Structures are given as C-alpha cells and as structure tokens.
Amino acid sequence: MAQLSLFLVVLLALVIPIFMARFNVNNVPTAVAEIIVGIVMGSSGFNLISQTHDLSFLSNLGVILLMFLSGMEIDFDLLSKKNNPKSRSQSGKVVDPLPTAGMAFAGVAVMSIILAFLLNKFGLFSEIPLAAIIFMTVALGVVIATLKEKDILGRPIGQTILLTAVMGEVIPLLLLTIYASLHGGNAEKLWLIILLFAAAIFLLWRFRQPYDWFVKVTKATTQLDIRLAFFLIFALVTVAETVGAENILGAFLAGMVMKLLQPSEATKDKLTSIGYGFFIPIFFIMTGVGLNLRRLLAHPEMLVLLPVLVIFLFLAKAPVLAVYMHKFDKRNAFAGGFLTATTITIVLPTLQVARRLHLIDQIHSDVFILAAVIVCIVSPIVFNSNFVLSPEDRIKQRVVMVGANTFTMPIIHDLHDNWYSVKLFTSDENNFNTFKSRADINLIPSLTKEELEKAGGFDGDIFVAAMHDDKLNYALGKMAKEAGVNRVIVRQMQPDAQTINDLEDNNIEVFNFSNVRAALMRALIESPAVYQVMTDTKNVLYSVVVRNTKYTGRQLMDWEFVDKMTVSRIRRDDAWLSPHGSTVIEPGDEIIFSGEFETADEIRQILGKQ
C-alpha cells in the first residue's frame with residue numbers, strides 16, 4: 001500500500017498539469033488543483049492514497065523548498081527608493097509602489113486582528129494571534145504567477161501588488177516564528193532568532209565573492225551552484241531549529257540569501273525545476289490527502305465556521321482595495337484587491353506548526369485549509385476576469401528625452417509605441433512652438449534638477465540627454481543617474497577622453513556622434529547587408545533576453561517562428577556566440593535578431609515573457 005501511494009502521488013504530479021493544459025484550465029492555480037485532487041484521492045474520497053513515512057518525508061522537504069523558492073522570489077530592488085521610482089497612473093496620480101503597498105498591508109494587519117477578535121468573541125475560534133496571522137497572509141507564489149501571466153510585474157500596479165504580497169508573506173512568517181517560540185516553551189531563546197539573521201548575513205558575505213567562481217567551474221556532473229543552494233537551505237534550517245525558530249523561516253531566509261547572491265537565470269531555472277518539478281507537488285497533494293471532509297461533515301459546527309472564514313479571508317484584504325482605489329483605475333484596483341486575498345502557501349505551514357504545538361486540532365485545521373483553497377480558486381478568477389491593461393501598463397519602458405530639436409524628433413517617431421512611452425522636455429520656447437504639433441512636449445522654465453524632478457523628468461526607465469550642448473548633456477546625465485534612473489544615455493558631439501571615461505565610470509552610456517557616423521560608413525563599406533538592416537524602414541533590429549522557459553533548453557531550429565526571424569548574435573555570460581540551428585538557448589541569453597515589424601514585435605514579446 002505504501003509503494004502504491006507513492007506511485008499514485010508521483011503519477012498525479014505528472015498528470016494534473018497535463019490535464020489542466022489539455023482542457024485550458026488557466027484560472028485555477030496548479031497548487032490548488034493538486035490539493036483538490038489530493039482530497040479526492042485521499043480519505044475524503046476514494047481512499048487510494050494514505051500517509052506513509054516516505055511521503056511524509058518528501059512532503060516536508062517540499063514545504064522547505066517551497067519556502068526557499070518563495071524567499072528567492074523577493075525582488076530587493078523594489079525595496080530601494082533608488083530602483084523604485086514614482087510613476088503616474090492612468091488617472092494622473094503619482095504612484096510610489098513601496099509606500100502604497102506598506103499602507104495597504106498596515107490596513108490588512110489591523111483588519112486581521114479585528115477579525116480574529118470577532119472569531120473569538122462569537123466562540124468560533126479561540127487562538128486570536130494564530131487567526132490574525134492566517135488572515136494577513138498572501139500567497140506570494142500565486143500572485144507572482146498571475147502577474148507574470150498578465151505581463152505587468154514591472155508596471156506600477158504590478159509592483160504595488162507584488163510588494164503587498166511580499167509583506168503578506170514575510171511579516172506573517174516572522175510573527176509565526178515569535179508565536180511558535182512563545183507557545184513552544186522557547187520564549188527565553190527568542191532573542192537567539194537574531195542569530196538566524198546573523199547566520200544569513202554571514203553566509204551572504206562569505207559566499208558572495210566566490211559565487212561567480214562557483215558558476216564558472218560548475219559542470220554537468222558537479223552542479224556546484226545547486227549544491228550551494230542546498231547547503232544554504234540545510235545550514236539555515238539547522239540554525240533555525242537550534243535557536244528555537246521554525247525550519248520554514250530558515251528555508252525562507254536561505255532563499256533570500258540565494259537571491260542576494262544574484263544567481264544566473266540558469267541556476268534559478270534548475271532550482272525551480274527541482275522544487276516545482278517534484279517535491280512541492282507532493283506537498284500540495286499530500287495536504288489534500290490529509291484533509292478529511294467526512295470528519296468535517298460529522299461536525300455541523302465546523303460547517304458554520306467555513307463560510308465565516310471564507311468571508312473573513314476576503315474582508316481582511318478590504319484595506320488593500322481601499323488604498324488601491326485612490327491610486328489606480330477602479331476596475332483594476334478591485335481586481336488587485338481580490339488577488340491579494342489569495343492565501344495558501346503560508347497558511348499550510350502555519351497550520352502545520354500550530355498542529356505540532358497542539359494549538360489547533362485537526363478539524364479546525366481542515367476548515368482553515370478548505371477556506372484557503374476556496375479563496376485561492378475564486379481570487380485569481382476574479383482578477384483575470386476584471387483586470388484590463390491600461391495604457392501605462394501596456395508600455396514596456398518609459399523614455400524621458402531632454403531636447404526638442406531636429407535630432408530627437410525622428411527618434412521619437414521611430415520608437416515603437418508598443419514598447420516605449422516617450423516624454424520630451426525642453427526649456428526653449430521657440431523649439432517648443434516649432435515642434436509641439438509633432439510630439440507631446442513639456443515646456444519647463446529651466447533644465448535644473450528641481451524643475452525636472454517637479455515635472456517628472458526622472459520618472460522613467462531610460463533618460464536621454466540630447467541637447468546640442470555637450471556640457472549641458474553631461475550635467476543632465478549626472479543628475480539623472482543621481483536621481484536613480486536605471487539607464488542614462490548622453491549625447492556627445494565632440495567629447496574628450498576624460499569626459500567619456502568619467503561618464504562610463506558612472507555607468508552612463510555615451511552616444512558619440514563621430515563614432516556612430518564612422519561605424520555606419522564602415523558598415524556600408526564592409527558589410528552592406530548589416531547597414532541595410534540598420535537603416536531598413538520595413539524591418540527592425542531587436543535584442544531580447546530570453547526568459548520564457550517554453551523556449552529555453554531547446555535548439556533554435558525547433559522554435560516554431562525561427563523562419564520568420566534572422567538571429568545575428570547570442571550573448572551568454574558576457575560572451576558573444578555565433579548562432580546555429582543546433583544552438584541550445586539557455587535562460588538569460590540575449591538574442592539579437594531582425595524581422596518585419598509586426599512579426600518581430602510578437603517574437604520579442606513571446607521570448608521576453610516570464
């Protein structure tokens with residue numbers, strides 16, 4: 001029976017995603033589908049799968065890997081003001097994702113505590129802290145997957161929802177650790193949790209520098225990057241258990257440390273494959289197997305609690321909706337508020353810890369899990385049904401250009417509006433009057449840092465200083481870099497070597513007019529075809545970083561649209577490769593290719609989709 005149970009679980013882990021793909025079941029997260037199938041195959045249904053020692057071990061390893069990968073999902077750049085510039089929503093309001101998300105989650109925390117007290121007051125559930133922790137959790141993995149599907153992870157509303165979900169995973173996890181320490185008889189060791197964070201910082205400091213060397217010497221038979229990841233997991237899990245914290249906190253911190261090491265796309269892809277390819281599905285399926293709905297039906301009072309919990313899980317996220325309504329389009333704010341109600345990944349380990357400490361019985365645990373499953377089914381469906389891409393969410397990159405002149409106007413018109421939103425600034429009233437009918441130009445009193453900041457001149461992904469004055473362009477480029485703009489491009493007509501070196505040292509890109517003209521003439525002489533591609537008005541030359549895992553690990557010749565594109569070069573780990581039909585594309589490869597405008601646009605979007 002034990003061997004049969006293991007076989008069935010592994011078989012179901014394979015069959016469930018195939019079934020969902022075949023019947024186009026996109027609105028329900030795979031994790032929820034696995035829990036539902038586990039319920040059907042376990043004691044609540046056909047009773048074909050039972051808890052065994054091997055399955056318990058694999059399930060426990062699955063939850064540890066789930067927390068590790070959740071830690072790796074945190075984008076620390078979003079927590080930095082420098083890398084998290086303000087953006088304007090469709091309504092014209094300024095959106096700063098970090099404070100907006102912080103305000104939203106603060107409201108969630110307050111509402112969760114109120115709802116937990118109400119449960120206690122009406123005699124439905126006595127553990128107020130535990131209920132509050134569960135109500136404030138957000139399923140970060142489900143949220144990220146849904147945002148990626150909509151391709152808005154890097155947009156203002158996507159960043160805000162993501163940061164809200166990050167807080168809804170990190171903060172409840174820390175609160176759970178404190179709660180478990182107090183109830184587990186380890187209150188005097190609570191301060192030792194600091195050692196866990198110290199261990200994480202030490203491991204980061206110790207391994208950050210040699211990590212690049214790890215990647216370089218990694219071979220198919222060694223996989224040192226993966227061995228390092230598992231070392232971090234078990235090291236921090238061991239430290240966590242030693243100081244009286246929960247092992248899931250150790251695993252989560254290990255994921256954060258791994259993220260800070262900036263692993264390659266290939267490493268992240270391998271770790272994701274190990275976790276979600278085998279161990280994590282076993283955890284979700286066994287969670288469903290452990291649910292006993294027949295036992296629940298034998299306790300009518302529990303059936304009364306179920307709808308209350310479902311309603312409370314939604315009500316707990318009502319403050320998110322209220323905050324989002326002030327910042328975003330009302331329809332999208334409604335959808336985003338519902339998405340943050342998604343909660344499953346932290347609820348499951350939280351209940352697991354509570355059962356181990358005998359703070360909650362199995363029946364109450366089953367009701368909470370069932371309520372979380374219902375919410376996790378409804379929330380993504382409501383989000384996908386209501387969310388509509390607004391103009392600022394469709395734009396891939398925001399370009400700010402300073403200088404309205406005969407050089408910048410053709411560039412603005414040639415930049416494809418499917419990929420770029422261009423905002424042009426000038427302080428010259430004559431130029432403004434000359435070109436205002438040809439482009440959206442903003443006239444400002446002067447090109448000072450204060451005036452540009454006031455007008456939103458640094459609220460972009462790319463800043464281009466394109467005046468006819470080299471010194472002014474230099475100063476504008478330095479201002480933009482100091483303001484935290486990711487990419488800064490400076491036009492230089494007749495630069496000196498010191499200026500070029502200084503700009504490059506500050507990570508500012510230089511458009512050297514003389515070099516560009518010379519390079520184009522050389523291309524025309526040496527490679528007329530290259531010159532034709534660069535100046536062709538019917539075709540376009542693009543570069544794209546391949547993130548879509550559907551097209552990685554495959555040969556170029558196997559791509560269904562390879563006959564509609566011409567691949568010129570492939571950059572991998574700062575080295576250029578000559579492409580062949582047999583070249584296997586890896587995650588993170590940068591592809592330089594050309595093709596007709598519409599086709600190339602579609603290919604670029606497909607390959608860059610996460």
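What you are looking at is a predicted structure, and each value in this text was computed from that prediction instead of being measured.
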Residues which pass side chain to side chain donor-acceptor pair (under 3.5 Å) with [X], listed by chain and number, not counting sequence neighbours:
X    : value
R294 : none
T343 : T137
T340 : none

Could you check if a side-chain atom of [X] sits within less than 4.5 angstrom of a side-chain atom of [Y], using non-hydrogen atoms only?
X    : Y    : result
I344 : I35  : yes
I377 : I36  : yes
S56  : Q51  : yes
M72  : V257 : no
E34  : I280 : no
I16  : P281 : no
L303 : V367 : no
L339 : K317 : no

Work out which heavy atom in [X] is nearest to a heavy atom in [Y]; give both atom names and the distance.
X    : Y    : result
V320 : G337 : CG1-CA, 4.0 Å
A104 : P319 : O-CB, 4.2 Å
T287 : F283 : OG1-O, 2.8 Å
F105 : M167 : CZ-O, 3.6 Å
A229 : L271 : CB-CD2, 3.6 Å
I282 : S59  : CG2-N, 4.1 Å

### Task
Any chance you could lay out the side-chain contact (heavy atoms from CB on, under 4.5 Å) test for Q352 and V63, step after step, and finish with the verdict?
CA-CA 10 Å; Q352 194 178 64; V63 73; 4.1 Å; yes
Is there a donor-acceptor pair under 3.5 Å between the side chain of [X] and the backbone N or O of [Y]?
X    : Y    : result
S112 : V108 : yes
D589 : I585 : no
S385 : I381 : yes
N386 : V382 : yes
T583 : H580 : yes

### ring-ring contact (aromatic ring centres under 6.0 Å, His included) assessment of F383 paired with F334
CA-CA 8 Å; F383 177 81; F334 174 79; over 10 Å; no
Quick one: salt bridge (Lys or Arg N to Asp or Glu O under 4.0 Å) partners of [X], sequence neighbours excluded?
X    : value
D366 : R295
R355 : none
R569 : none

#### Entry: Aromatic contact, F68 with F279 (centres under 6.0 Å)
no
### Query
Less than 6.0 Å separating the ring centroids of F19 and F23?
yes
Calculate, to the nearest 0.5 Å, the distance between atoms [atom1] and [atom2] belonging to [X] and [Y] respectively.
X    : Y    : atom1 : atom2 : answer
S365 : L291 : OG    : CG    : 7.5 Å
L61  : F278 : CG    : CZ    : 9.0 Å
L370 : S44  : CG    : OG    : 9.0 Å
L577 : E586 : CG    : CD    : 8.5 Å
L305 : H364 : CG    : NE2   : 6.0 Å
S543 : I592 : OG    : CD1   : 4.5 Å

### Query
Which one of V237, L173, I64 satisfies the side-chain contact (heavy atoms from CB on, under 4.5 Å) criterion with F252?
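The passing option is L173.
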### Query
What's the verdict on side-chain contact (heavy atoms from CB on, under 4.5 Å) for N548 and I606, showing C-alpha distance, side-chain angles and the deciding distance?
CA-CA 7 Å; N548 192 335; I606 291 170; 4.1 Å; yes
### Query
Relative to the ring of F135, is the ring of F368 parallel (under 30°), tilted (30 to 60°) or perpendicular (over 60°)?
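Rings of F368 and F135: tilted, 30 to 60°.
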### Message
Can you classify the ring geometry of F561 versus Y551 as parallel (below 30°), tilted (30 to 60°) or perpendicular (above 60°)?
### Response
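F561 and Y551: tilted rings.
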### Task
Show your working on side-chain contact (heavy atoms from CB on, under 4.5 Å) between Q159 and L162 and close with a plain yes or no.
CA-CA 5 Å; Q159 290 182 358; L162 176 62; 5.6 Å; no
### Query
Applying the side chain to side chain donor-acceptor pair (under 3.5 Å) test to Y324, which of N332, D329, T160, T164 qualifies?
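Only one option passes, and that is T164.
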### Message
I'd like to know whether E169 forms a side-chain contact (heavy atoms from CB on, under 4.5 Å) with V138, so could you lay out the CA-CA distance, the side-chain angles of the two residues, the decisive distance to 0.1 Å, and finally the verdict.
### Response
CA-CA 6 Å; E169 184 150 286; V138 182; 6.0 Å; no
